There are 2 protein chains.
Amino acid sequence: MQFSKSTDYALHALVHLGLSERSSNVGIKELSGTLGVSESYLSKIMSKLRQDGIVRAVPGVNGGYELARPAEQISFFDVVQVMEGRQQLFKCSNSRSQQHRLLDEEESAPESQRELDRKECLIEKVMYSAEQQMYQYLREQTIQSVLDEALKRRFSHEMNKK
Amino acid sequence: MQFSKSTDYALHALVHLGLSERSSNVGIKELSGTLGVSESYLSKIMSKLRQDGIVRAVPGVNGGYELARPAEQISFFDVVQVMEGRQQLFKCSNSRSQQHRLLDEEESAPESQRELDRKECLIEKVMYSAEQQMYQYLREQTIQSVLDEALKRRFSHEMNKK
DNA sequence: ATTATTATGGATACCAGATATCCATAATAA
DNA sequence: TTATTATGGATATCTGGTATCCATAATAAT
């Protein structure tokens, strides 16, 4: 299990956009150059972010991308959801194992019961909760918090030089 | 990003073994039958679990598998680590993006600095912490806790019938 | 010791999804 | 009108997960 590179690219691109809140728009050329990814591939990623309302895009001369909302309102969770998709990380694939049958009531209809079992798999439940632990943390982390940390470090760096 | 099916199979198999602490050994045939997975594939999974000291295996007539230690000492984390591998879920792949350069000191050697940057990527840091949130939860969840919950439910089920 | 049984591990095949590129088109600003 | 930039469809490639087969080793029962 691995986060996709797309998520990596997306997060780095967003931080870059956050740093460039000057003359707004940042072109795909600048982005791909800085991140070291091809323009064509990064385009797809930026399009996805746009479709999800995380960035705005404007074509034409001096066009490019900018954050669609303040950096403190863009969480890591938002980005991960867009890039990785919204399915659960863990799906129980067998509805007939022993511990599932432990919960069986033989009087219930086989069809609906199997469906219920699926949702009630204790293992899936644990894994789902674990997933939520991670997501909860990611909800609290924003693009802005990375910017703050980066600027803080640069600052204390320069202080050390003097 | 998805947990692999192998992890699903492994967890279900372990719960099954936990339920069968009677005459010890459970053969691959019984396991694969109950889980609805082919013997050949499940074998690989069980071998992995054995190599990692989570189950014991004995060949020959009436051979099979059993838990190598009490179910309360086998955590979900243990299983996930074996099946999914031990690499980080998130790896920063670009060491030259803007926010990385923010941290650059130009006097440091380029080689070692890039290495340091990698480890110091703020985005990776956030993602790593998120991962740890999930793992911490999984460390607290054991095969035994699933067994307990399953037995508890069955009990209250039967009480309802009366 | 022999035999039947069971786990092990190497080789291999297959498929889906991630990664990546190319190009024609649409939209926009100068 | 023109140059520029984003968009999206088609496609190619690669990697890892999923899965099976088979020869071999190990063990218990006889």
Side-chain angles (χ1 to χ4, degrees), chain A residues 1-10 12-13 17 23-33 35-68 80 82-87 89-91 93-94, chain B residues 1-10 12-13 17 23-33 35-68 80 82-87 89-91 93-94:
Chain A
M1 184 169 61
Q2 283 274 112
F3 282 99
S4 75
K5 290 194 178 186
S6 301
T7 298
D8 179 296
Y9 299 151
H12 277 85
L17 292 184
S23 57
S24 23
N25 292 339
V26 178
I28 193 71
K29 198 159 292 189
E30 176 178 340
L31 275 178
S32 86
L35 298 191
V37 194
S38 79
E39 300 181 26
S40 35
Y41 190 40
L42 193 54
S43 291
K44 306 284 187 200
I45 293 169
M46 298 311 292
S47 285
K48 245 185 183 174
L49 292 175
R50 186 189 61 80
Q51 287 167 18
D52 220 77
I54 291 180
V55 302
R56 264 191 299 269
V58 42
V61 182
N62 293 328
Y65 302 93
E66 60 180 347
L67 299 184
V80 167
V82 179
M83 299 312 300
E84 303 285 337
R86 261 114 180 158
Q87 2 76 27
L89 296 190
F90 184 94
K91 297 275 204 179
S93 52
N94 38 35
Chain B
M1 184 169 62
Q2 284 273 114
F3 281 99
S4 74
K5 290 194 178 186
S6 301
T7 299
D8 179 296
Y9 299 151
H12 277 86
L17 291 184
S23 57
S24 14
N25 292 340
V26 177
I28 193 72
K29 199 160 291 189
E30 175 178 341
L31 275 178
S32 86
L35 299 192
V37 193
S38 79
E39 300 181 26
S40 34
Y41 190 39
L42 192 55
S43 292
K44 305 285 187 198
I45 294 170
M46 298 311 292
S47 284
K48 244 185 184 174
L49 292 175
R50 185 190 61 81
Q51 287 168 18
D52 219 78
I54 292 181
V55 302
R56 264 192 299 268
V58 44
V61 183
N62 293 328
Y65 301 93
E66 59 179 349
L67 299 183
V80 166
V82 180
M83 300 310 301
E84 304 284 338
R86 263 116 180 156
Q87 3 74 27
L89 296 191
F90 183 94
K91 295 275 203 180
S93 52
N94 38 35

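Remember, predicted model here, so these are calculated numbers, not experimental data. Chain A is the first sequence line, chain B the second, and so forth, proteins listed ahead of strands; every chain is numbered from 1.
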Problem set entry | Over all atoms of both residues, closest heavy-atom pair of B:Ser6 and B:Tyr41 | OG-OH, 3.0 Å
Problem set entry | Donor-acceptor contact present, side-chain B:Glu84 to main-chain B:Ser4, <3.5 Å | yes
For this session: Taking all non-hydrogen atoms of both residues into account, name the closest pair between A:Ile45 and A:Met83 and its distance.
Result: CG2-CE, 3.9 Å
For this session: State, to 0.1 Å, how close A:Leu17 and A:Tyr65 come at their nearest heavy-atom pair, and which atoms those are.
Result: CD2-O, 3.7 Å
Exercise. Rounded to the nearest 0.5 Å, how far does OH of A:Tyr9 lie from OG of A:Ser32?
Worked result: 11.5 Å
Exercise. What are the two closest heavy atoms between B:Asn62 and B:Asn25, and how far apart are they?
Worked result: O-ND2, 3.6 Å
Detail all sub-3.5 Å separations between protein N/O atoms and N/O atoms belonging to nucleotides 14-20 of chain D.
| from | atom 1 | to | atom 2 | distance (Å) |
| --- | --- | --- | --- | --- |
| D:dT18 | OP1 | B:Lys5 | N | 2.6 |
| D:dT18 | OP2 | B:Lys5 | N | 3.4 |
| D:dT18 | OP2 | B:Ser6 | OG | 3.3 |
| D:dT20 | OP2 | B:Ser38 | OG | 2.4 |

Seminar exercise, completed: Judged by nearest nucleotide, the residue sitting upstream toward the 5' end of DNA chain C, B:Tyr65 or A:Pro59, is B:Tyr65
For this session: Give a yes or no answer on whether the side chain of B:Asp52 reaches the backbone of B:Val82 with a donor-acceptor pair at less than 3.5 Å.
Result: no
Seminar exercise, completed: Listing for DNA chain C: consecutive Watson-Crick or G-U pair runs of at least 3, distance cutoff 3.5 Å, ranges ordered by first number, gives C:1-30 with D:1-30
For this session: Measure the shortest side-chain to side-chain distance between A:Leu89 and B:Met1 over non-hydrogen atoms and say whether it is less than 4.5 angstrom.
Result: yes
Exercise. At their closest point, which heavy atom of A:Ala10 faces which heavy atom of A:Leu49, and how far apart are they?
Worked result: CB-CD1, 4.1 Å
Exercise. Going 5' to 3' on DNA chain C, which nucleotide is the first and which the last to come under 4.0 Å of a heavy atom in chain B?
Worked result: C:dA4 to C:dA11
Problem set entry | Closest non-hydrogen atom pair between A:Gln2 and B:Gln87, with its separation | OE1-OE1, 3.0 Å
For this session: Remember a base hit wins even if backbone is also touched, and classify B:Ser47 as base, sugar-phosphate or nothing at under 4.0 Å, heavy atoms.
Result: sugar-phosphate
